[in-house]
Each structure stands twice: as C-alpha cells, then as structure tokens.
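Structure first, then comments.
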Amino acid sequence: MNDTDVFIVGGGPAGLATAIAAREKGLRVIVAEAAQPPIDKACGEGLMPDSLEALRLLGVVVDPDLSAPLLGIRFVSPEASVEARFPSSIGRGIRRTALHELLANRAREQGAILLWGRRITGLEGQSVKLDNGTIRARWLIGADGQNSRIRQWAGLNNVRGESLRFSFRRHYRVAPWSEFMEIHWGSGCQLYITPISSQEVCVVLICRDSHYRIDSVLDGFPKVQRHLRGAEYTSQERGALSASRSLRRVTRRSVALVGDASGSVDAITGDGLYLAFRQADALATALSAGRLASYQKSHDQLFERPALMSGMLQLLDRHPWLRRRVLATLEKNPTIFQSMLAMHVSESSHAAFAMDALLPLGWKLLQSR
C-alpha cells in the first residue's frame, strides 16, 4: 500500500472503469474516493448499446432484473414527434447507484484496492498525499469529475471551449409508457425520460436557467405531466452541472485525466458514460505500453463524435425556430433520424452520417422554406 503502478483519484464510473481496465493489463491499482459507495449523480441513467458493449468488454454485464430495455430514441415537441430504433441491439436504463455497485464489485474482483472515504490533500513529485499518509505511484489518474483537483494541480485547466447548462433529476414510481428513451423539447429546456425498471422512470430536466425545477416546468410538457400525475416520488430532486467542455491537454508527465475530469459533453447526448468506459480502455492500453502520450490522441478521437452530436442538439435548444423546422422535417422523413441515431451510437461513419443524414436534412429544410 506504500506504492502502486496506478493511483486513481475518484471512485465514480470513470475511475472504476479505469481500475478494471488497468488491472486487466496486469497493473497494480489503488482507487481513492472521498465519498462512500454507492455513489450517485443526477444523470439520465440510460446506457446506449455502445455503452453496454464497452461495459461488456470490461467484464460488466447489466442484469435485466436491475434495469429496463431501451429500444431507441424518441424526440417529442408540441409540433412533431419522431422516433428511431437502435440499429442492431438495445440499450438499458439502470439506476446510477446500481451501475456503480456493479463496477465497484468488478474492480474489487479484478484485484484493485478501493479506498472509500479517503481524501487527497496534494501531490508531491511521484507521491500522492492522503489525509492519513502518502502513496508513491508511477502514474496518477484524475477521475475526480468536472471540478477536478487533479486537473488543477497538474496544470491541465486550459480549456478549448465550454458551455454550461443545469440538470435536475427525480425518479417516479410509474410503469414506463414507452420502451424508448424520450427527449421532450420545450421552451428553454428539455425533459429526458428513461425507463429504469418495470415500475419506475427517471426524469431529468436540462436547462440554462439554474432556477428551473421539474415541478416548475411540467405545465409546459402536458404529455409528460399526464403520465406522471399522481405518481409517487422514489427519490428527491437532485441537481448537477451539465457541461460541454473540451480541454487542450489531458496528460502531463505522469498525470492523465479520464471521464468528466478530462472534458465532457452535454447530458442530453447520453454519451458521458460511453466516453468514460472507452477512455478507460484507451488509457489502460497507454499505461501498459508505458506511452502515456498516446492516450492524448486516443482521447481526442473518442471525443469527436459525442462533441459533434452535443453541438447539434444544443443548436436546437438555442434556436426554437430551427428546432421546429428540423423536427417537422424528421417526422416526415424518419429514415434521416434513423441515420442520425446510427451515428449517435457509433454504428455509422462520419462520411455515411454526412451522406445519409446531414445532406438529406439540409436539402429537405431548403425545400420547405
């Protein structure tokens, strides 16, 4: 316990996934987390098919009894509604705490040392200072979230671009009315609905005004309000920052960042966990080869597609007139939406996305003027 190959600060999904991937490469791993498990976060709780595949490669399988199937994505607005199924497999909705427990169990099985309730107080050369001692590590990994102290201490706070929104989550005891993950578009905000069991749904409000709350906007979403009327709350409303943030660097000497500490995309994409799991694998490969710099290239490549989708969805949020036209066009041309979803879940190339989605959508929009 006085030294290790990899010391990971942060025991959320990104940190635990990195611990699992590093142990599979034969590296000694210690994870330190200030909180006690299971760790929760206000998120949409939907795992896309590509996220499930990334989890499977880490040896984590989501039990159907702990989750709900997700067949695809549905966009709903007062003027239009369009849906598409995932191209080749289904997703799963699962409580964040249940997912955290699965990851923690797998990390422990793989031989990672998990230190819960332990605070990091500083760095000193190759050593990490904890509240009750010092551990020397070959590599230090910051998986400590959007407000990463490791990122700050390592001098990696240089941001390429950033935009901030707010998310608020609550669970309701009600049978899901759909097996689709639904995004309801409203004035200045969206409601993100995910089935997470046969008798429970997760509702997330995403907005730019920090004063909004789920109850305060429900009147603007009569379809959702009708489904939730009289339903019991199974959790308290919980808030979080939804940041779209791109960093110039995610490595420096023996330090690397992973998960939200390394940059993030808006919560509406549902891509945060996918990025964390894929980054974990890429980082473990770089550590095993002793070439930490190669992780920077992999990280940039992994970030491209989610960042593109995040930018497109936020464009619809900022410009209601454009959103109305786009959703109306997609409703009349659902195959375009299907092509967009294929790109979203990593089953289509950038070239195919341009040919099958962007160009047809642009042409249809011009024709409708």
Side-chain angles (χ1 to χ4, degrees), residues 42-56 60-78 80-99 102 167 169-186 190-206 214 218 221-235 267-274 277 309 313 327 330-348 357:
C43 64
E45 300 186 323
L47 294 172
M48 305 286 191
D50 50 357
S51 299
L52 287 176
E53 174 61 15
L55 267 180
R56 186 189 66 78
V60 178
V61 178
V62 176
D63 188 338
D65 292 337
L66 296 175
S67 59
L70 302 174
L71 303 185
I73 303 290
R74 177 180 293 144
F75 280 4
V76 182
S77 75
S81 177
V82 60
E83 67 182 44
R85 290 175 175 259
F86 296 125
S88 60
S89 57
I90 67 170
R92 288 254 159 216
I94 180 172
R95 276 262 194 154
R96 181 59 170 255
T97 49
L99 175 63
L102 290 174
S167 63
R169 184 204 66 192
R170 181 190 283 155
H171 300 96
Y172 293 80
R173 191 180 307 284
V174 61
W177 54 90
S178 168
E179 288 186 304
F180 282 72
M181 184 184 297
E182 294 186 346
I183 298 177
H184 291 254
W185 297 83
Q190 296 86 48
L191 286 183
Y192 190 159
I193 316 294
T194 308
I196 55 173
S197 78
S198 62
Q199 293 297 321
E200 193 173 23
V201 299
C202 170
V203 178
V204 174
L205 164 67
I206 307 175
I214 293 173
L218 271 179
F221 298 91
K223 293 178 182 178
V224 178
Q225 189 177 47
R226 188 163 56 249
H227 286 297
L228 297 180
R229 186 171 291 123
E232 173 192 357
Y233 303 157
T234 54
S235 69
I268 198 171
T269 66
D271 269 332
L273 288 171
Y274 164 80
F277 301 150
M309 304 309 293
L313 291 172
L327 293 187
L330 293 177
E331 184 179 49
K332 294 175 184 176
N333 303 273
T335 56
I336 297 177
F337 190 57
Q338 184 69 60
S339 298
M340 296 174 75
L341 183 58
M343 172 68 170
H344 192 84
V345 296
S346 312
E347 294 198 32
S348 175

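When every heavy atom of A357 is checked against every heavy atom of I336, the shortest pair comes out as O-CG2, 3.7 Å. Summarising the geometry of S51 relative to Y274, their closest heavy-atom pair is OG-CB, 3.2 Å, with the distance given to 0.1 Å. Residues V204 and C43 share a closest heavy-atom pair of CG2-O, 3.5 Å. Across all non-hydrogen atoms, the minimal contact from R169 to I214 is C-CD1, 4.1 Å. S89 approaches P49 most closely through the heavy-atom pair OG-CB, 3.3 Å. Closest approach of P195 and A68 over heavy atoms only: O-CB, 3.6 Å.
For R56, the side-chain hydrogen bond (donor to acceptor under 3.5 Å, both in side chains) partners two or more places apart in sequence, or in a different chain, are E53. Applying the side-chain hydrogen bond (donor to acceptor under 3.5 Å, both in side chains) test to S67 and every residue at least two apart in sequence or in another chain returns R92. Applying the ring pair (Phe, Tyr, Trp, His ring centres under 6.0 Å) rule to H171 yields no partners; only residues at least two apart in sequence or on another chain are considered. Remark: Y172 engages Y233 in a ring pair (Phe, Tyr, Trp, His ring centres under 6.0 Å) (not counting sequence neighbours). Not a single ring pair (Phe, Tyr, Trp, His ring centres under 6.0 Å) links F221 to another residue, sequence neighbours left out. Among residues two or more places apart in sequence or in another chain, the side chain to side chain contact (heavy atoms under 4.5 Å, CB included) test is passed with A84 by F337, Q338, L341. With sequence neighbours excluded, the residues satisfying side-chain hydrogen bond (donor to acceptor under 3.5 Å, both in side chains) with E347 are S88. Residues forming a side chain to side chain contact (heavy atoms under 4.5 Å, CB included) with T269 (at least two apart in sequence, or on another chain): V265, D271, S310, L313, H344. D65 meets the side chain to side chain contact (heavy atoms under 4.5 Å, CB included) test with D63; sequence neighbours excluded.
Proximity of L191 to V76: side-chain heavy atoms (C-beta onward) are nowhere separated by under 4.5 Å. Side-chain contact check for L102 versus L55: every heavy-atom pair is 4.5 Å or farther apart.
Applying the side chain to side chain donor-acceptor pair (under 3.5 Å) test to every pair with at least one member in residues 191-200, sequence neighbours left out, gives these pairs: R95-E200, E200-T234. For residues 221-230, the set of pairs meeting the salt bridge (charged side-chain N to carboxylate O under 4.0 Å, His left out) definition, not counting sequence neighbours, is empty. Residues in residues 177-186 take part in these salt bridge (charged side-chain N to carboxylate O under 4.0 Å, His left out) pairs, two or more places apart or across chains: R74-E182.
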Take H184 and I193 through the test side-chain contact (heavy atoms from CB on, under 4.5 Å) and record every step on the way to the result.
CA-CA 8 Å; H184 291 254; I193 316 294; 3.9 Å; yes
Decide side-chain contact (heavy atoms from CB on, under 4.5 Å) for L47 and L70; before the verdict, give the C-alpha distance in whole Å, the side-chain angles of both, and the deciding distance to 0.1 Å.
CA-CA 8 Å; L47 294 172; L70 302 174; over 6 Å; no
Using the side-chain contact (heavy atoms from CB on, under 4.5 Å) rule, take L99 and L273 through it: C-alpha gap first, then chi angles, then the decisive distance, then the call.
CA-CA 11 Å; L99 175 63; L273 288 171; 3.7 Å; yes
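Between S346 atom OG and M48 atom CE the span is 10.0 Å, to the nearest 0.5 Å. With values rounded to the nearest 0.5 angstrom, R85 atom CZ is found 12.5 Å from I73 atom CD1. In this structure, CZ in F75 is found 8.0 Å from CG in L330, a value given to the nearest 0.5 Å.
Judged by distance alone, the side chain of E45 and the main-chain N or O of R96 form a donor-acceptor pair under 3.5 Å.
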